[in-house]
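Every chain is numbered from 1 and lettered A, B, ... according to where its sequence line falls, protein lines coming before strand lines. Here the structure is a predicted model, which is why all the values come from computation and not from measurement.
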Amino acid sequence: MNDSRRPGDRVVITGLGAVSGWGWDAAALWRGLSSGMTAVGTELRFSTEGQRTHVAAEAPEEPAGLADAFAGWSRLSRADRFAVSAAREALAQADLEVSGADTGLFFGTSTAGIAEGEEYFLRLLGRSPGSPRLQFLASHEMNGPGDAVARCFEVAGPVRSVSSACAAAALAVGDALHALRAGEVRRALAGGSDSLCLLTYSGFNSLRAVDEAPCRPFRADREGLNLGEGAGVLVLERLDDALGRGARPLAELLGAGASCDAHHMTAPHPEGEGAAQAMLAALADAGLAPDQVDFVNAHGTGTPLNDSAEAKALHTVFGDRARALPLTSTKGSVGHLLGSSGAIEAVVTALCLETAEVHPTPGGGEADPALGVDLVHGSARRLAHGAGRQLVAVSTSFAFGGSNAALVLGSWPGDGSS
Amino acid sequence: MSTAPRVVVSGLGQVSAAGLGREAMAAALVAAQPEPVEVDLSASYHLEGGARRALLARSESEIARWVPPMEARRFSRPSKLAVAAARMALDDAGLAADALAGPTAIVVATTFGPSEFTERILGQILADGPQGASPFLFTQSVANAPAAQMAMVLGARGPNVTVTQREAGPLIALGRAVAEVASGRARAAVVAAVEEHSSLLHAVLNRFSALAGSEGDDDVARPFDRRRSGFVFAEGATALILEREDEVRARGRRPLAACGLAVGAFDPAAPRTGWSRDPAVLAGVLEARLLAAGLSPDDIDFVVSGASGAVAGDRLEGALLRRLWPGGPPPVFAPKGCLGEYGGGLLGPAVLAASGETLGPTAGFAEPDPEVGVVPHSGGPLEPPRRILATGLAAGGAAAWMVLEAPEP
């Protein structure tokens, strides 16, 4: 059990930041999630003419003042801006300066500044007004969002970007946890960022993986995912450091695990073998047993295959208890943020633990009976702290190529006291 | 006291302009005669002038020995190269094709991913509308497709991670793979660096004046040289097998290299697509981490540098080496002068150096640059190094280093 670890081995979350279809901060995200509504809509930045579907959860216009807060803001890609904004919010909540070599930056993305790279070529070919500017291509590389955050907040420790499709950010958060435990860094900014673009939208449509209507994770009539965009950032610290400076932990990051299906480029293993393996690895890393978990923030895309495989994985890990274990899908509300989804879902999981409430999953009523899961829907589900017991949650992320990642988070204080 | 098992490199596979396999890479590095070839610059987006040559993996029939055409048709170019390199590495390690099935980690570094497929999809969308996008190209265009394909062909079900941190990526990937094995989260690991050459990338790098020859001079990589003007774009893949040393010894094999300290740092003052002038931030982190590990720069007796001929990158590398070794660094070798700019051009030679291979001279170097202040090793005989520092300084500010040690006999 994690309580036996030395304080220096325990890692807590002291700041959260998010950008999503609900807005440019975590409060807006939480309000949206709590409403049980979806941020998916039809007003999009780019044309969906000729596409099979016409909906997504785009982030709204950026708030005034951000551009003035950071030098060089105009040269940042949309994904960079999401990342920097979320990091700024998380650091403000943590009340922490991170400049220097004791801080590491661990970031995940699927496509980073591809929207700007795409715009460069559209302009080059005369398909979009304006002249092609090289700075659009400078945004294209997948280290862009992580580097932008490191540059803005003067991080001088290790900076590591991961692009493992939809598991990227969860893998990055896990990397941060292990770097903190190993003493490689004392503080970490961990998260991910992705923006929508024509190519991504067209690609998912070509796979017929996208629903024209708001997605319905785990429902019997689910037909596919919705794309979203945004970022999530967590400030992570070693427990002794956080307490030593008088910080208030929001939640504890207890464990991380990863696996690979080694099965298919797009389809999950039908029995969810790799997904279950990642969850079990994360629980082992946390020193916890499956029966100590209070709820699961699912990958939950809303595609028939993913939700089926994930439900089977939950049954493998939790046995019959999977039928009564509260389950929620953040993607039902903000869409699939691709490489950054694991980050925003870790943020949401921490918020659920902090409030002891599991947010509802939009998209209808009861779950598909064939899946045998206890989907939280309609309204939030209150979690009961047992006396002296830490609430524990698992957050899952599964990617193209079969890369799976799971995180285990716990409420704070760890003994359930107020 | 650490009880983590020692992690070693037990096999090396590679495909590049130097040919296929460990011996081919070692021979090419000694010969120091890179053979870049003319590339197709007929697409409309190419500007007049600029670099016209690149170092390409040309031995298609030999590659087909490792990835038969029927299998290769499902792969992007980077996936094909990565799978070929991984199978060669397994063979080099004396392992059967299915020996790593199970909890093996795959950690791959790439800067651009399968960019040619990305270009083709965008072309389809522009030419035929969104519904012209090929689902096959889309799924194979993601950055982690090579890592996924490696996992599928090897049956590797451990953590599967794709690192995208430019020139620092390969050493970050190596560090992460070492951590996965040392912690027991994976039984073994395959770490790889892979890049493809594409016409579009070539055009983009020319526009950024990143390539040797971008400004109309000759397109030759000259690491540390006064006349350097950029790097030579290369494609290829290098894969390493990482295992616990006791497991490698138990099957009667001598490791190629032992993995030591991994260090990462970032210089926030670096421009987005370039390098700082001042090495103070990066050098400070590296020195502190060496010290914390009970090492000093004097414990390093060979440097395998990521210097590629990039004007500002090599200048920073030189300044950093001079800062670490005010009296002059130990012998320095920059393999990208021969192999060109791709991650495997650093990863492979670093392991070769630790394994006792004679390396050098640095191809392309002739005239010292006072501003750089580093004269790479001439290629003459050296005492086999005991401890090697591999360096990777990325444009944009990231840096990674790895200490590799010569294995016990």
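- Under a cut-off of 6.0 angstrom, the local environment of CD in B/Glu71 is crowded, with over 12 non-hydrogen atoms contributed by other residues, nucleotides or ligands.
- Only the backbone of A/Glu49 has a heavy atom closer than 4.5 Å to any heavy atom of chain B.
- Only the backbone of B/Pro271 has a heavy atom closer than 4.5 Å to any heavy atom of chain A.
- Contacts between B/Ala156 and chain A at a heavy-atom distance below 4.5 Å involve the backbone alone (N, CA, C, O).
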Criterion salt bridge (Lys or Arg N to Asp or Glu O under 4.0 Å) on B/Arg272 and A/Asp147, from CA distance to verdict: CA-CA 8 Å; B/Arg272 274 171 95 195; A/Asp147 282 12; over 6 Å; no
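- Ranked by heavy-atom pairs under 4.5 Å with chain B, the first of A/Leu122, A/Leu207, A/Leu105 is A/Leu207.
- Residue with the most contacts toward chain B among A/Ala101, A/Ser163, A/Ser403, A/Gly183: A/Ser163 (heavy-atom pairs, distance under 4.5 Å).
- Between A/His336 and A/Phe204, the ring planes lie tilted relative to each other; the angle falls in the 30° to 60° range.
- Residues B/Val190 and B/Met150 are in side-chain contact: their nearest non-hydrogen atoms beyond the backbone lie under 4.5 Å apart.
- Within the 4.5 angstrom heavy-atom criterion, atoms from both the backbone and the side chain of B/Val161 approach chain A.
- Aromatic pair B/Tyr45/A/Tyr120: ring centres not closer than 6.0 Å.
- Proximity to chain A (any heavy atom under 4.5 Å) is shown, for B/Thr118, by both the backbone and the side chain.
- With a 4.5 Å cut-off on non-hydrogen atoms, B/Ala270 touches chain A through its backbone but not through its side chain.
- Using a 4.5 Å cut-off between heavy atoms, B/Arg185 contacts chain A through its side chain alone, with no backbone atom that close.
- Within a 6.0 Å sphere centred on CZ of A/Arg75, other residues, nucleotides and ligands contribute 12 heavy atoms or fewer.
- Ion pairing between A/Arg160 and A/Glu184 holds under the 4.0 Å rule for side-chain N and carboxylate O.
- Looking at B/Thr139, the atoms closer than 4.5 Å to chain A (heavy atoms on both sides) sit in the backbone and in the side chain alike.
- With chain A as the partner, the residue from B/Thr273, B/Val153, B/Leu122, B/Val281 showing the most heavy-atom pairs under 4.5 Å is B/Leu122.
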